[in-house]
Amino acid sequence: MFAAPYDDQAVHTEIPHPRKTIYSKYIKRVVDVVVSGSAIIVLSPLLFIICILELIFHGKPVFYIDQRPGLNGEIFGLYKFRSMSNACDENGMLLHPSKRITPFGRILRRTSLDELAGLFNILNGTMSVIGPRPLMKDYLPLYNERHKYRHAVRPGLACWKVGGSDKLTSVTWTWNAQFESDIYYVEHVSFLLDVWMVLKTIKIMFTKSEMRTNSDRIKFDGTNLLETRPRHEIVGEHEKREIS
């Protein structure tokens, strides 16, 4: 159905050629407004229930707002429903995310319901339904010249690779796999590809992902594009070396 994607097991350096069409320049934004506006109206009862449960399990604020790079690398506030508590250690410092995520938060992440807050980002134009995921702004100076092009389009709620496993693990979803999927999208954006990715997102929502529920993905450091080990294994090895 779509052109063969780049090999995500190899680090590529070719400069991408973003696809510019009537759909990508004009129609896609109209579709985003219609879809996000309609979804907010239809899902308003569910959004209200989530807000109430957020107040019960996590307290205020209901939304977690994080500063992320968007189109052309411009920083915007990303909305998410909170999945963690504000638990701190004896020094008043927030515990690691894996220690703060709550049972309710795990449900939100496993079902991707925490992402529904992003509908408001789509409505205000800082995001799109489909597009490269907005990552930490600390990653901006770490991208190579090729991967910087993931910001050539609006970030989205999801952007999956064409082909391969739908199960998100540290082996199947390396940083290189994610970035190459983003570049593939930038070069092939179309209405049919967006529809395909929406359908794949729905499928993945019902696929268990320990990477999302346990915050067990290693952070990108500019050199670990092909790292397949989860965070706990790397941290564990580092602690063992310190002890020895």
Side-chain angles (χ1 to χ4, degrees), residues 18 23-55 58 60-84 97 101 105 107-140 143 147-160 168 178-179 181-183 185-186 189 191 193-202 204-205 209 211-212 215 217 220:
Y23 173 75
S24 64
K25 294 173 66 175
Y26 307 108
I27 300 178
K28 182 174 171 65
R29 177 59 191 146
V30 174
V31 172
D32 283 339
V33 172
V34 173
V35 170
S36 60
S38 300
I40 290 172
I41 294 173
V42 172
L43 297 174
S44 56
L46 175 60
L47 296 175
F48 177 75
I49 292 174
I50 294 176
C51 287
I52 296 300
L53 293 175
E54 282 283 356
L55 292 173
H58 300 143
K60 294 182 179 179
V62 170
F63 292 127
Y64 168 67
I65 304 177
D66 195 18
Q67 299 299 303
R68 300 291 179 95
L71 179 64
N72 299 320
E74 295 184 6
I75 306 301
F76 73 98
L78 171 67
Y79 301 120
K80 279 190 176 185
F81 282 115
R82 290 176 58 197
S83 59
M84 303 180 193
I101 187 169
I107 294 174
L108 289 179
R109 287 192 175 194
R110 185 173 289 115
T111 58
S112 295
L113 289 175
D114 60 325
E115 306 281 0
L116 288 181
L119 290 171
F120 296 99
N121 285 117
I122 298 172
L123 190 62
N124 68 24
T126 51
M127 287 182 62
S128 180
V129 175
I130 297 298
R133 291 287 299 153
L135 301 175
M136 296 172 62
K137 62 181 181 180
D138 294 346
Y139 294 171
L140 280 174
Y143 297 132
H147 296 155
K148 288 179 181 178
Y149 276 82
R150 65 189 305 277
H151 296 296
V153 298
R154 283 188 179 87
L157 296 179
C159 187
W160 309 111
L168 301 186
Q178 179 170 348
F179 295 160
S181 298
D182 296 341
I183 297 304
Y185 182 79
V186 167
V189 55
F191 176 73
L193 182 57
D194 279 359
V195 171
W196 181 86
M197 288 204 176
V198 167
L199 295 177
K200 188 163 186 175
T201 300
I202 295 174
I204 288 177
M205 284 175 62
S209 171
M211 289 180 68
R212 281 181 52 77
S215 299
R217 191 183 197 187
F220 178 58

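Count residues from 1 along the sequence.
A distance of 10.0 Å separates CD1 of I75 from CG of D66, quoted to the nearest 0.5 Å. For the atom pair CG of L193 and CD1 of I130, the computed distance is 8.5 Å after rounding to the nearest 0.5 Å. Note that OG of S83 is 9.5 Å distant from CD of E115, once rounded to the nearest 0.5 Å.
Side-chain contact check for I122 versus Y79: every heavy-atom pair is 4.5 Å or farther apart. V129 has its side chain out of reach of V31: every pair of non-hydrogen atoms, C-beta onward, lies at least 4.5 Å apart. Residues Q67 and L78 are not in side-chain contact: their nearest non-hydrogen atoms beyond the backbone lie 4.5 Å or more apart. Side-chain atoms of H151 and P69, non-hydrogen and from C-beta on, do get closer than 4.5 Å to each other.
A salt bridge does not link K137 to E74: none of the charged side-chain nitrogens sits closer than 4.0 Å to a carboxylate oxygen.
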Worksheet item: Can you check side-chain contact (heavy atoms from CB on, under 4.5 Å) on L113 and F81, steps first, answer last?
Response: CA-CA 8 Å; L113 289 175; F81 282 115; over 6 Å; no
Discussion item. As a quick check of understanding, evaluate side-chain contact (heavy atoms from CB on, under 4.5 Å) for R154 and R29, giving each step before the final call.
Written reply: CA-CA 10 Å; R154 283 188 179 87; R29 177 59 191 146; 4.1 Å; yes
Fill in: L157/M127 under side-chain contact (heavy atoms from CB on, under 4.5 Å): CA gap, chis, key distance, verdict
CA-CA 8 Å; L157 296 179; M127 287 182 62; 3.8 Å; yes
Worksheet entry | side-chain contact (heavy atoms from CB on, under 4.5 Å) evaluation trace for K80 with R109 | CA-CA 10 Å; K80 279 190 176 185; R109 287 192 175 194; over 6 Å; no
Worksheet item: Which is it for D194 and Y185 under the side chain to side chain donor-acceptor pair (under 3.5 Å) test, yes or no, and what are the steps along the way?
Response: CA-CA 9 Å; D194 279 359; Y185 182 79; 2.6 Å; yes
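A centroid separation of less than 6.0 Å is found between the aromatic rings of F179 and F220.
Among residue pairs with one or both ends in residues 30-43, those qualifying as side-chain hydrogen bond (donor to acceptor under 3.5 Å, both in side chains) are D32-S128; sequence neighbours excluded.
Looking at R82, its side chain does come within 3.5 Å of a backbone N or O of K60 through a donor-acceptor pair.
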Would you give me the side-chain donor-acceptor pairs under 3.5 Å for residues 44-52, sequence neighbours excluded?
from: S44; atom 1: OG; to: I41; atom 2: O; distance (Å): 2.8

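M197 approaches W160 most closely through the heavy-atom pair CE-O, 2.9 Å. Of all non-hydrogen atoms in I65 and G77, the two that sit nearest each other are CG2-CA, 3.9 Å. The shortest heavy-atom contact between A158 and T201 is CB-OG1, 3.3 Å. Considering all non-hydrogen atoms of both residues, G131 and C159 come closest at O-CB, 3.2 Å. Of all heavy-atom pairs between P134 and G156, the closest is CD-O, 3.5 Å. Between R150 and I183, the shortest heavy-atom distance links the atoms N-CD1, 3.9 Å.
With a 6.0 Å radius and a threshold of 12 heavy atoms from other residues, nucleotides or ligands, F76 has its CZ atom above the threshold.
Remark: the Y149 side chain and the D182 side chain contain no N/O donor-acceptor pair separated by less than 3.5 Å.
Checked against ring pair (Phe, Tyr, Trp, His ring centres under 6.0 Å), Y64 has no partners two or more places apart in sequence or in another chain.
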